[in-house]
Amino acid sequence: RRSWSSTPCSPRKARIVFEQRCVAFADCERAVLDGVPADSLAELFPSVARWLAADGELAADAVVAGLREREALGSTAIAPGVLMPHCVMPGPGVTHVVFARPVHPIEDPHHGTVRLIVLLLVRTDASEQTRAIVRRTSRRLADDELLEALASAPTAVALHGMIAAL
């Protein structure tokens, strides 16, 4: 089980207050991370990448590089305050759909106030079933009201419940 450090943190930083993984299929994992310690996307991507890399399957640097490369191509905003950065990770392994909320909204010069980030990390050898899960999740997120509800969920448990229902 991956977890965030329980080390005391400065007033500007906070640790993850909620972490939940919900496995849809053996090769696709959805996760909810609430309270990600980040004041910018430049801090958020490595924080989430370190969480993903904790089991040794992924290299955090490769995840960050893939996300930054995609973000450099153009905005991944799918609604006000919601980003969906995505990349293809080489090799076999688990495809990840991670819903992350920073401990505080992030003010970003390109995206405005960011409250929810949905990261998609698809493996090059992902099964058709896994690709279908990612497509279905992406289509369901093409709903501004749902995205606002996810970004505004009053608690991490409520956020997890909405995502588990996708």
Could you grab the distance from atom CH2 of Trp51 to atom CG of Leu119, nearest 0.5 Å is fine?
10.5 Å
Where do Glu71 and Pro85 come nearest, in terms of heavy atoms and distance?
OE1-CB, 4.0 Å
Would the number of heavy atoms belonging to other residues, nucleotides or ligands and lying under 6.0 Å from CG of Asp143 be above 12?
yes
Restricting to non-hydrogen atoms, name the atom on Ile106 and the atom on Ala38 that form the minimum distance, rounded to 0.1 Å.
CG1-O, 4.0 Å
Which distance, rounded to the nearest 0.5 Å, do you find between the CZ of Arg135 and the CZ of Arg139?
6.5 Å
Would Val98 and Val118 satisfy side chain to side chain contact (heavy atoms under 4.5 Å, CB included), going step by step from the backbone distance to the final call?
CA-CA 6 Å; Val98 179; Val118 182; over 6 Å; no
Least distance between heavy atoms, Ala49 atom then Ala60 atom:
CB-O, 3.6 Å
Under a plain distance cut-off of 3.5 Å, with no hydrogens placed, do Arg115 and Ser152 share a side-chain donor-acceptor pair?
yes
Is it true that atom CD of Glu69 has more than 12 heavy atoms of other residues, nucleotides or ligands lying nearer than 6.0 Å?
no
If you round to the nearest 0.5 Å, how far is CG of Leu150 from CG of Leu141?
6.5 Å
Could you pull out the closest heavy-atom pair between Met162 and Ala153, with the gap in Å?
CE-CB, 3.3 Å
Considering all heavy atoms, the nearest Leu67-His86 contact:
CD2-N, 4.0 Å
Non-hydrogen side-chain atoms of Thr76 and Arg70 separated by less than 4.5 Å:
yes
So, for Ser47 and Pro37, which heavy atoms are closest and what is the spacing to 0.1 Å?
OG-O, 3.4 Å
Taking the side chain as every heavy atom from C-beta outward, state whether Leu121 and Leu52 have any atom pair closer than 4.5 Å.
yes
What do you reckon, is CD of Glu145 surrounded by more than 12 foreign heavy atoms closer than 6.0 Å?
no
Side-chain contact test, heavy atoms from C-beta onward, threshold under 4.5 Å: evaluate it for Leu58 versus Met89 and give yes or no.
yes
Do the non-hydrogen side-chain atoms of Val114 and Arg101 ever get within less than 4.5 Å of each other?
no
Taken to the nearest 0.5 Å, the spacing of Leu159 CG from Leu116 CG works out to 7.0 Å
Side chain to side chain contact (heavy atoms under 4.5 Å, CB included) evaluation trace for Leu120 with Val134:
CA-CA 8 Å; Leu120 305 175; Val134 173; 4.2 Å; yes
Separation between CZ of Arg68 and CG of Leu73, rounded to the nearest 0.5 Å
14.5 Å
Apply side-chain contact (heavy atoms from CB on, under 4.5 Å) to Ala77 and list each qualifying residue two or more places apart in sequence or on a separate chain.
Ser75, Leu83, His111
